[in-house]
Amino acid sequence: MTSKPEDDYLAALTSAYSPIFGQAISIRPMRPEDLDIETEFVAAWSAETRYNRLFSAGSYTSPERLKKITRIDYARDMALIATLMLEDREVQIGVARYVLREDGKSCEFALAVADAWQHRGIGRALMRRLMDGAAAAGIETMVGDILASNAPMLHFMRSLGFSVTSADYGPEVQRVSKRLAPAAADAAAAVSERGTTAGKP
């Protein structure tokens, strides 16, 4: 059976690695059937993580909203989740996503990692794969808004090559941005092309 281009694209964004603590982590595109593990993931956020991610400690993500964000339109948005197997069930421990902006050339990203799994390289792995996926989709620039008080996240984004400026909303929010390397798009396209031609005579 010949694979579809979308299948090849999603397969190229699927990977696994074992961080220094030895637990095998899978990174893959989010699917609609991930609603339950996404719901559990968001419900477990600490007040600090919720505040940094949603800019409000009291913000609540409704079931309708969670259902919507697990149904990805891969042409205009992408969500990559980090999962592992615990007691014979898949558990989500991180997510990185982007949404294409109206200009069709830039996207806005968001990143969250479960409290117990922060500072273990999971956010970096998610962001690198998200940037590669965005470049492969022809997106030129990735941007995001981060609270000025979230110094660790701002330091992390600088380490990934993002520039930091004040956002239009005021000094309490910083805008980070990065031009995506065309080489990343070329490499991802080559992976997709290899997947498309594999198995053909």
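Treat the numbers as computed from the prediction; the structure is a model and nothing was measured.
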S.K.: For the residue pair I72 and M30, what are the closest heavy atoms and their distance?
M.R.: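 Here I72 and M30 meet closest at CG1-O, 4.0 Å.
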S.K.: Does the side chain of V113 reach to within under 4.5 Å of the side chain of H119, using non-hydrogen atoms?
M.R.: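 The answer is no; the side chains never approach within 4.5 Å.
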S.K.: Is any side-chain heavy atom of T141 less than 4.5 Å from a side-chain heavy atom of R101?
M.R.: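 Answer no - side chains too far apart.
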S.K.: Is any side-chain heavy atom of E64 closer than 4.5 Å to a side-chain heavy atom of K68?
M.R.: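 With C-beta onward as the side chain, the pair stays apart.
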S.K.: Kindly indicate whether the side chain of V42, heavy atoms from C-beta on, has any atom under 4.5 Å from the side chain of R50.
M.R.: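 They are in side-chain contact.
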S.K.: Do you know the tightest heavy-atom contact between P171 and A148?
M.R.: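 That would be O-CB, 3.4 Å.
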S.K.: List for me each residue that meets side chain to side chain contact (heavy atoms under 4.5 Å, CB included) alongside L100, sequence neighbours excluded, and say none if there are none.
M.R.: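 Here the qualifying residues are R76, I139.
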S.K.: Can you give the donor-acceptor pairs under 3.5 Å from side chains of residues 83-94 to other protein atoms, not counting sequence neighbours?
M.R.:
| residue | atom | partner | partner atom | Å |
| --- | --- | --- | --- | --- |
| T83 | OG1 | E90 | OE2 | 2.8 |
| R89 | NH2 | E40 | OE1 | 3.0 |
| R89 | NH2 | E40 | OE2 | 3.2 |
| E90 | OE1 | R28 | NH2 | 3.2 |
| E90 | OE2 | R28 | NE | 3.4 |
| E90 | OE2 | R28 | NH2 | 3.3 |
| Q92 | NE2 | E38 | OE1 | 2.7 |

S.K.: Given 3.5 Å as the limit, does a donor-acceptor pair link the side chain of S177 with the main chain of V143, or not?
M.R.: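 Side chain of S177 to backbone of V143: no pair is present.
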S.K.: Got a sec, which residues hit salt bridge (Lys or Arg N to Asp or Glu O under 4.0 Å) with R179, two or more places apart in sequence or on another chain?
M.R.: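 Per chain and number, R179 pairs via salt bridge (Lys or Arg N to Asp or Glu O under 4.0 Å) with E140.
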S.K.: What are the two closest non-hydrogen atoms of E108 and G144, and how far apart are they?
M.R.: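 The answer is CG-CA, 4.4 Å.
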S.K.: Can you name the closest pair of heavy atoms from Y98 and G133 and give their distance?
M.R.: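 Nearest pair, atom of Y98 first, then G133: OH-O, 4.1 Å.
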S.K.: Would T70 and D34 satisfy side chain to side chain donor-acceptor pair (under 3.5 Å), going step by step from the backbone distance to the final call?
M.R.: CA-CA 7 Å; T70 54; D34 294 321; over 6 Å; no
S.K.: Quick one: are Q174 and M157 in side-chain contact, heavy atoms under 4.5 Å?
M.R.: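 Side-chain contact under 4.5 Å: no.
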S.K.: Got F41 and I37 here, is their nearest side-chain heavy-atom distance under 4.5 Å?
M.R.: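 Side-chain contact under 4.5 Å: no.
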S.K.: Is it the case that the side chain of R128 and the backbone of R124 share a donor-acceptor pair, with hydrogens and angles ignored and the cut-off at 3.5 Å?
M.R.: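 A pair under 3.5 Å: no.
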S.K.: Under 4.5 Å between any side-chain heavy atoms of P29 and L80, yes or no?
M.R.: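 Answer yes - side chains close enough.
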S.K.: Does the D115 side chain pair with the main chain of S46, one donor and one acceptor, at a distance under 3.5 Å?
M.R.: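 Yes: the side chain of D115 pairs with the backbone of S46.
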S.K.: Do M131 and F109 have side chains that get closer than 4.5 Å, going by heavy atoms?
M.R.: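 The answer is no; the side chains never approach within 4.5 Å.
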